[in-house]
Amino acid sequence: MKDYFNVKGRIFDIQRYSIHDGVGIRTIVFFKGCALRCRWCCNPESQSHEIETMIVNGKKKVMGKDVTVQEVMETVRRDMPYYTRSDGGLTLSGGECLLQPEFAKALLKAAKDMGVNTAIESTGFAKYETIEQLLPYLDTYLMDIKHIDSVKHKAYTGVENQRILENAQKIAKSRQTELVIRVPVIPGFNDSEKEILDIATFADKLPGVRKIHLLPYHSFGRGKYEGLNREYAMGDVAHPEDEKMQKLKDVVEKNTALYCQIGG
Amino acid sequence: MITFDSTPVAKTDRIKRLVEHLYAKMPEIEAARAELITESYKMTEGQPVIMRKARAFEHILKYLPIIIRPEELIVGSTTIAPRGCQTYPEFSYDWLEAEFDTVEKRSADPFYISDDTKKRLLEANKYWKGKTTSELATSYMAPETLRAMEHNFFTPGNYFYNGVGHVTVQYDQVLKVGLKGIKEKAQKEMQVCNFGDADYSTKMRFLEAVVISCDAVINYAKRYSVLANEMAEKETNAARREELLTIAQVCANVPENPAETFQEACQSFWFIQQVLQIESSGHSISPGRFDQYMYPYYEKGLNEGSLTREYAQELIDCIWVKLNDLNKCRDAASAEGFAGYSLFQNLIVGGQTVDGRDATNDLSFMCIQASHHVFLPMPSLSIRVWNGSAKELLLAAAGLTRTGIGLPAYYNDEVIIPALVHRGVALEDARNYNIIGCVEPQAPGKTDGWHDAAFFNMCRPLEMVFSNGYDQGQIASIQTGDVESFQTFEEFFDAYKKQMEYNISLMVNADNAIDLAHAQLCPLPFESCLVDDCIKRGISAQEGGAVYNFTGPQGFGIANVADSLYTIKKLVYDERKISIGELKRALEMNFGQGLDMITAKEVALQVGRALDAAGEKVTEDVIATTIEKVLHLELPEAEKNRYQEILDMIEELPKFGNDIDEVDELAKEAAYTYTRPMENYMNPRGGMYQAGLYPVSANVPLGAQTGATPDGRLAHTPVADGVSPSSGKDVCGPTAACNSVAKLDHSIASNGTLFNMKMHPTAMAGEKGLESFVALIRGYFDQKGMHMQFNVVDRETLLDAQKHPEKYSGLVVRVAGYSALFTTLSKSLQDDIIRRTEQATNR
């Protein structure tokens with residue numbers, strides 16, 4: 001057996017038949033633990049690296065378990081025929097996979113050995129050296145850029161954005177992976193045309209970047225906050241209207257060379 | 001076909017109005033056919049059966065009232081009332097007389113019947129007493145078989161009470177040479193009959209019957225020609241007058257002669273499809289590869305410039321409407337098993353040509369488009385998928401699935417073709433396969449497949465293992481020993497296999513008896529002349545004239561048996577958490593979840609038996625009081641809690657449908673207990689038995705006759721349908737469910753397997769949704785799955801899913817940027833999705 005099959009990591013879910021986070025039919029491995037604390041986060045159980053209990057539909061459920069790469073790949077491999085027929089594969093999401101880089105790298109490598117497409121959905125908030133070691137095994141990097149203004153970024157996510165923006169540039173320059181920029185469109189935070197366009201203009205200048213996804217805010221994570229006995233910071237903020245999203249998309253496509261998609 | 005035009009053609013207003021007209025009223029039962037066949041039979045007493053059948057067919061087609069409905073382009077109706085039905089007393093009639101007063105009010109497939117019709121039917125039916133196929137079949141059955149049927153192990157209801165149908169005839173030959181050509185073929189065969197041949201008399205009579213039947217159909221078409229001319233004369237609207245004149249011309253020419261135009265081909269096809277149903281009451285008379293045999297006429301029309309794609313589409317749409325004009329009244333119990341007025345006329349597009357190339361053409365797309373336009377259950381549209389399928393075709397099919405119509409069903413050439421070849425079908429015939437009825441593959445125009453020959457409930461033999469062959473106080477099956485004496489799982493499983501084998505042999509006994517009755521009383525000369533090799537052999541298909549003969553009864557409840565076996569293996573024998581005796585009592589007591597009358601009676605009879613064995617006198621009074629006691633039985637708290645504990649333990653176990661090898665392996669073995677013994681049997685037509693694994697909708701009514709099962713299924717609730725996981729037990733998403741089901745051996749179930757999956761329209765939204773959906777099917781097929789069909793669920797279902805989440809845990813919905821299992825979402829999110837669905841399904 002390959003030695004990297006024994007590498008361990010902490011995840012909280014594996015979701016099969018996901019069709020919105022990368023090409024084709026995908027299996028998503030949700031890492032536990034994240035460096036950011038985005039107010040709108042729809043997976044609050046992903047934030048802490050600690051194993052915790054969440055109430056789901058009235059029943060206690062343990063969130064988080066330690067698994068080996070081999071255990072994860074046993075599940076991933078089961079959907080091989082569907083990846084083959086759809087050019088799909090494995091997506092690492094979270095949480096943040098960059099916080100468990102050895103585990104992430106081993107998973108991506110194992111997926112590549114299987115011959116399937118790989119993607120990560122990531123904040124990009126880590127040392128570039130950490131990211132760099134994943135790139136040889138990564139087909140698509142779905143990277144969140146939430147705001148160009150670092151002060152505002154820090155206020156809503158807990159961290160400044162310099163490192164994220166720098167990493168975006170370095171990843172793009174490496175030309176080792178397809179970099180796709182994703183923007184969660186959060187009312188009251190970044191949903192003005194100017195704010196979105198600032199991000200798009202930044203993305204447009206990144207060498208080789210062709211795609212930007214605008215992901216409308218939704219409050220579907222609200223119940224999970226209750227289940228974790230945490231307060232939901234977004235209150236009653238409504239999701240952006242379809243027309244509004246369309247308008248933002250139009251603005252992006254008119255002013256940049258990017259292909260803009262609403263939703264994942 | 002390398003290139004094809006897949007551009008959709010718009011729907012015309014005519015189609016909308018034809019559909020409205022068809023569905024304006026409740027369907028009605030008419031008496032004309034019953035009266036005409038009776039009249040004819042009275043005139044032909046003493047003649048050979050095949051001649052009597054031919055004369056009756058001739059008589060019916062000569063005098064059956066005819067009608068051309070407003071705006072029809074394709075004509076030919078079996079009843080005056082839209083969607084009406086005729087009756088077929090030669091097969092059975094007493095159930096209808098018994099249901100005269102309820103047939104209009106019943107929940108499944110009600111029919112209106114007038115007092116006048118009732119009177120006329122009662123009169124006609126008198127003649128048939130003692131002369132029906134069902135009476136003759138019953139007389140041929142072993143007493144053990146009748147007992148097994150009484151105890152609901154299986155039901156051969158379909159052919160026991162009705163004609164067989166379940167055939168695809170040589171539509172292509174009728175289009176090519178006309179019935180004139182078929183007649184000539186029969187006449188040529190007559191000329192080579194030698195006076196000294198052993199089969200001279202039977203063969204000559206059969207061929208004579210063929211000629212009479214063909215002429216009967218030709219003349220029936222000419223009656224429509226005359227009617228169309230008469231209507232044209234009176235017609236004031238010039239455009240409609242032209243249409244009627246064309247219809248008159250078309251019906252004068254076909255089906256007697258080869259079809260010259262696409263309209264003639266359509267009309268010729270339709271007459272054949274319609275009169276086959278008049279000849280016998282069989283359902284699942286399946287048009288088959290319509291896109292293949294119609295294509296030459298379409299292509300010719302386009303090339304000559306005499307046909308537009310628009311008119312071709314409208315004609316196809318008209319056929320789709322007509323397929324819904326045919327109807328059939330079944331007995332109340334069968335109506336539950338075949339709910340939805342369905343005649344299962346399966347029409348299939350795509351797949352391969354006989355030489356193994358992709359068969360997709362323009363008409364493949366236009367057939368899918370027709371289902372969009374007409375949006376009715378018929379035809380049961382199917383699509384053949386193979387490694388070289390045109391992706392556009394699969395995406396177009398997926399687009400139809402997305403509407404929620406439940407069509408098309410998807411079939412895997414890569415499993416079906418080798419499975420048929422394994423059954424002795426020639427490779428080119430296998431490549432030309434189509435689907436009969438629900439899911440049954442066969443070689444068109446050459447097969448009498450007796451698909452759908454019986455429903456076999458695989459849970460009942462499991463109950464017999466626990467009761468040692470007793471049911472409702474009587475011996476109902478073989479005795480496989482006291483279940484409490486079984487020391488290992490293998491002993492238990494062996495007992496189950498024995499129970500299966502015994503009851504399968506009884507089902508075969510029933511089917512063969514019915515088969516014989518059909519051959520002797522209801523050979524069908526017209527159907528037979530369009531199935532090779534009947535003319536050459538000089539006998540009807542019912543007597544074994546077809547090239548390929550099969551009998552295909554279907555089993556269902558695999559998921560329940562698999563999960564039950566796993567429970568027993570794990571909890572009883574591996575982990576010893578419960579004893580087999582304890583499980584037995586838990587099942588008898590329905591896990592302490594309350595007993596209904598049927599179960600109470602069962603328990604009371606067992607008490608009676610125990611008393612009897614102990615030498616005490618058991619009277620009916622004793623049984624009655626015991627039932628009363630059992631019904632109001634308050635179980636001791638400790639016992640009740642223990643049953644709940646057992647139920648919880650079962651609930652925690654992995655279930656079939658979640659890609660867990662240990663359970664799926666048992667499911668495969670469970671399926672073999674049905675499919676393997678079947679290979680040992682032959683039918684009276686010289687063909688072999690082949691198993692199917694599908695339930696139509698019988699898993700609900702037959703589940704109601706089944707007690708609690710060790711998978712935690714409560715008494716009298718539905719059993720699992722087809723090869724699908726138990727409802728609500730597949731909780732790991734669609735790919736995991738597909739993988740589990742694919743692990744069964746589908747090739748051996750060559751009479752078809754049925755896999756139902758629920759999807760939400762939003763999970764199929766957009767191009768990505770469709771593409772992924774197609775890849776899901778292909779991934780399942782790559783692992784040797786045979787068939788897939790989809791319920792794309794609507795708002796009502798989602799509301800029900802909220803109320804009963806346990807039943808819907810496999811339901812996938814698209815949420816926002818992702819898809820998720822519906823029941824894992826919060827109430828408010830579910831509400832949101834339900835609200836969204838209203839828009840999504842607003843057509």
Side-chain angles (χ1 to χ4, degrees), chain A residues 13-28 30 42-43 55-59 61 74-88 91 93 121 142 182 184-185 213-227 239-240 242 245 261-264, chain B residues 385 387 391 394 658-661 664 731-740 742-743 757 759 763-785 805-806 809-810 812 814-821 823-830 832-833 839:
Chain A
D13 200 7
I14 299 180
Q15 192 187 313
R16 296 163 70 171
Y17 197 71
S18 171
I19 56 175
H20 310 296
D21 294 293
V23 189
I25 294 174
R26 313 194 69 84
T27 296
I28 306 193
F30 289 92
C42 64
N43 287 334
I55 311 288
V56 180
N57 292 332
K59 282 188 191 155
K61 202 174 164 190
E74 267 170 23
T75 303
V76 174
R77 182 179 285 281
R78 287 178 176 272
D79 284 354
M80 191 67 194
Y82 311 99
Y83 311 144
T84 310
R85 284 294 185 177
S86 65
D87 302 325
T91 299
S93 183
E121 196 179 22
L142 301 164
R182 293 190 140 185
V185 178
H213 296 168
L214 301 181
L215 313 176
Y217 164 78
H218 60 77
S219 58
F220 301 155
R222 181 196 301 269
K224 293 183 178 178
Y225 283 86
E226 282 164 29
H239 65 84
D242 291 352
M245 292 304 298
Q261 173 184 327
I262 299 170
Chain B
V385 182
N387 281 336
K391 192 173 178 188
L394 301 186
N658 297 293
D659 205 1
I660 298 161
D661 295 336
D664 298 343
V731 295
C732 298
T735 56
C738 284
N739 288 359
S740 279
K743 286 176 212 169
M757 186 171 264
M759 299 285 270
M764 294 177 68
E767 208 178 313
K768 180 78 191 283
L770 278 194
E771 298 235 357
S772 304
F773 174 78
V774 168
L776 177 70
I777 296 169
R778 305 213 73 154
Y780 173 64
F781 283 179
D782 286 344
Q783 299 177 84
K784 296 194 164 39
E806 70 284 358
S809 46
V812 181
R814 170 139 163 102
V815 185
Y818 63 102
S819 294
L821 295 167
T823 51
T824 62
L825 305 170
S826 69
K827 170 79 168 55
S828 53
L829 175 52
Q830 291 179 346
D832 183 74
I833 289 168
Q839 292 161 0

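A, B, ... follow the sequence lines: proteins, then strands. Residue 1 opens every chain.
In terms of heavy-atom proximity, B:G779 sits nearest to A:P81 at O-CB, 3.7 Å. The two residues A:I25 and B:S772 make their nearest non-hydrogen contact at CD1-O, 3.4 Å. In plain terms, the two heavy atoms of B:T735 and A:Y82 that are nearest each other are O-OH, 3.6 Å.
More than 12 heavy atoms of other residues, nucleotides or ligands shown are found within 6.0 angstrom of NZ on B:K768.
We find the SG-CZ distance between B:C738 and A:R78 to be 14.0 Å, quoted to the nearest 0.5 Å. The OG1 atom of A:T75 sits 8.5 Å away from atom CG of B:D659, with the distance rounded to the nearest 0.5 Å.
For B:E771, no part lies under 4.5 angstrom from a heavy atom of chain A. Looking at A:T84, neither its backbone nor its side chain comes within 4.5 Å of chain B, counting heavy atoms on both sides.
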